[in-house]
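Shown next, in structure tokens, is the structure this report addresses.
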Amino acid sequence: LVAMCRRHNPTDAFVSSNYTSLSSLPFGACIGTSSVRRQGQILSHRPDLSVKGLRGNVQTRLTKLKEKHYDAIVLASAGLYRLGLEHEIAEKMSLDFWLPAVGQGVIGIECRQDNNELWSMMVELNDKNSETCVRAERAMSGALGGGCQMPIAGYACFEQDQLFLRGCVVSLDGQKKLRKEIRGSADIPVHKGERLGNQLFDAGALSIINPIH
């Protein structure tokens, strides 16, 4: 992983043709996502909602919404911005109560280690702050054995020259939710991530993750 480009908006986006926010959805409304992380966070805040699977590229998902298969859907804000579809966003989910996927909003570039010429060009695209934050997030997820099909969320940023890392594990029904955070020097972001992952582990994260395995 030779470069991590400058991070775009990391949030998840609430998208709906008729409603302005997650809280404004009527009781029992149908919301679309195939992300277990998003499903758990949706139900932790709105256990009355019906979560229905949603697949396909962004345009396909928006079409299904407009065809009224769903009352709302949740997508990554960065993807909508990059496609010039930011006008579709009704609400950006606040990082104070809803965390994104690890690395969300960052384009990572892989390169063969033995291709020195290409490596030297690609490394110029690396954004040091993004790299530091994503390495911390990935280490946190890695400490929990995380992957794209695990309900693990994480986000790191810089606040007053310190690394601020938040992590969350949530059950599919939203009934169990662990959220912890850590602040400190950004010198060794992997250690910060592993430390937070271990804190979540000690708090009982595996009791949430193992049933999904």
Side-chain angles (χ1 to χ4, degrees), residues 1-13 33-38 41 57-58 61 74-86 89 92-96 98-170 179-201 205 209:
L1 192 58
V2 64
M4 300 185 201
C5 300
R6 184 176 180 181
R7 190 170 222 156
H8 206 301
N9 191 299
T11 63
D12 276 332
T33 180
S34 290
S35 161
V36 292
R37 172 189 60 82
R38 289 172 178 156
Q41 291 188 100
N57 61 31
V58 171
R61 297 182 188 205
V74 181
L75 302 171
S77 297
L80 292 167
Y81 274 104
R82 288 180 177 129
L83 292 170
L85 297 170
E86 61 271 22
I89 300 174
K92 296 187 189 77
M93 309 308 288
S94 171
L95 296 170
D96 291 333
W98 180 298
L99 292 179
V102 164
Q104 186 160 303
V106 177
I107 294 175
I109 301 176
E110 292 182 336
C111 177
R112 283 172 51 132
Q113 288 183 320
D114 60 359
N115 191 330
N116 295 329
E117 182 180 5
L118 186 58
W119 188 280
S120 64
M121 289 190 291
M122 293 297 100
V123 76
E124 294 297 322
L125 298 174
N126 191 59
D127 180 85
K128 188 61 180 177
N129 282 355
S130 292
E131 178 190 4
T132 298
C133 291
V134 173
R135 290 199 183 282
E137 293 167 16
R138 284 164 61 94
M140 182 272 297
S141 179
L144 295 169
C148 61
Q149 294 302 315
M150 289 292 103
I152 299 171
Y155 177 64
C157 62
F158 282 91
E159 288 191 358
Q160 300 178 342
D161 296 325
Q162 283 196 320
L163 186 67
F164 178 30
L165 173 62
R166 286 167 277 190
C168 174
V169 179
V170 60
R179 179 164 169 155
K180 291 190 175 293
E181 59 187 51
I182 191 171
R183 297 174 187 267
S185 169
D187 292 344
I188 310 178
V190 170
H191 288 180
K192 287 287 186 300
E194 290 174 345
R195 183 177 170 189
L196 185 61
N198 289 333
Q199 289 180 8
L200 287 164
F201 180 92
I209 294 172

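In this chain, numbering begins with 1 at the start of the sequence shown.
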At their closest point, which heavy atom of [X] faces which heavy atom of [Y], and how far apart are they?
{"X": "R135", "Y": "P189", "answer": "CB-CG, 4.3 Å"}
{"X": "L200", "Y": "V169", "answer": "CD1-CG2, 4.4 Å"}
{"X": "E181", "Y": "R166", "answer": "CB-CG, 3.7 Å"}
{"X": "D12", "Y": "A76", "answer": "OD1-CA, 4.1 Å"}
{"X": "I109", "Y": "C5", "answer": "CD1-SG, 4.0 Å"}
{"X": "R37", "Y": "V170", "answer": "O-CG1, 4.1 Å"}

Neighbour count above 12 (heavy atom, 6.0 Å) for [X] [atom1]:
{"X": "R179", "atom1": "CZ", "value": "yes"}
{"X": "F164", "atom1": "CZ", "value": "yes"}
{"X": "D114", "atom1": "CG", "value": "yes"}

Heavy-atom donor-acceptor pair, [X] side chain to [Y] backbone, under 3.5 Å:
{"X": "E137", "Y": "G103", "value": "yes"}
{"X": "R61", "Y": "V74", "value": "no"}
{"X": "N9", "Y": "A78", "value": "no"}
{"X": "S120", "Y": "E117", "value": "yes"}
{"X": "K180", "Y": "L196", "value": "no"}
{"X": "S77", "Y": "T11", "value": "yes"}
{"X": "R82", "Y": "G105", "value": "yes"}
{"X": "Q149", "Y": "V36", "value": "no"}

Nearest 0.5 Å please: distance from the [atom1] atom of [X] over to the [atom2] atom of [Y].
{"X": "Q199", "Y": "M140", "atom1": "CD", "atom2": "CE", "value": "11.5 Å"}
{"X": "N198", "Y": "F201", "atom1": "CG", "atom2": "CZ", "value": "8.0 Å"}
{"X": "M4", "Y": "I107", "atom1": "CE", "atom2": "CD1", "value": "13.0 Å"}
{"X": "Q162", "Y": "I182", "atom1": "CD", "atom2": "CD1", "value": "10.5 Å"}

Does any part of the side chain of [Y], heavy atoms only, come nearer than 4.5 Å to the side chain of [X], both counted from C-beta?
{"X": "L163", "Y": "R183", "value": "no"}
{"X": "M150", "Y": "L144", "value": "no"}
{"X": "Q41", "Y": "L99", "value": "yes"}
{"X": "C168", "Y": "W98", "value": "no"}
{"X": "L118", "Y": "V2", "value": "no"}

Pair L1, R138 - check side chain to side chain contact (heavy atoms under 4.5 Å, CB included), show working.
CA-CA 12 Å; L1 192 58; R138 284 164 61 94; 4.3 Å; yes
D127 and V106: CA distance, side-chain angles, deciding distance, side chain to side chain contact (heavy atoms under 4.5 Å, CB included) verdict
CA-CA 10 Å; D127 180 85; V106 177; over 6 Å; no
Does the side chain to side chain contact (heavy atoms under 4.5 Å, CB included) test come out yes or no for N129 and R7, once each step is laid out?
CA-CA 9 Å; N129 282 355; R7 190 170 222 156; over 6 Å; no
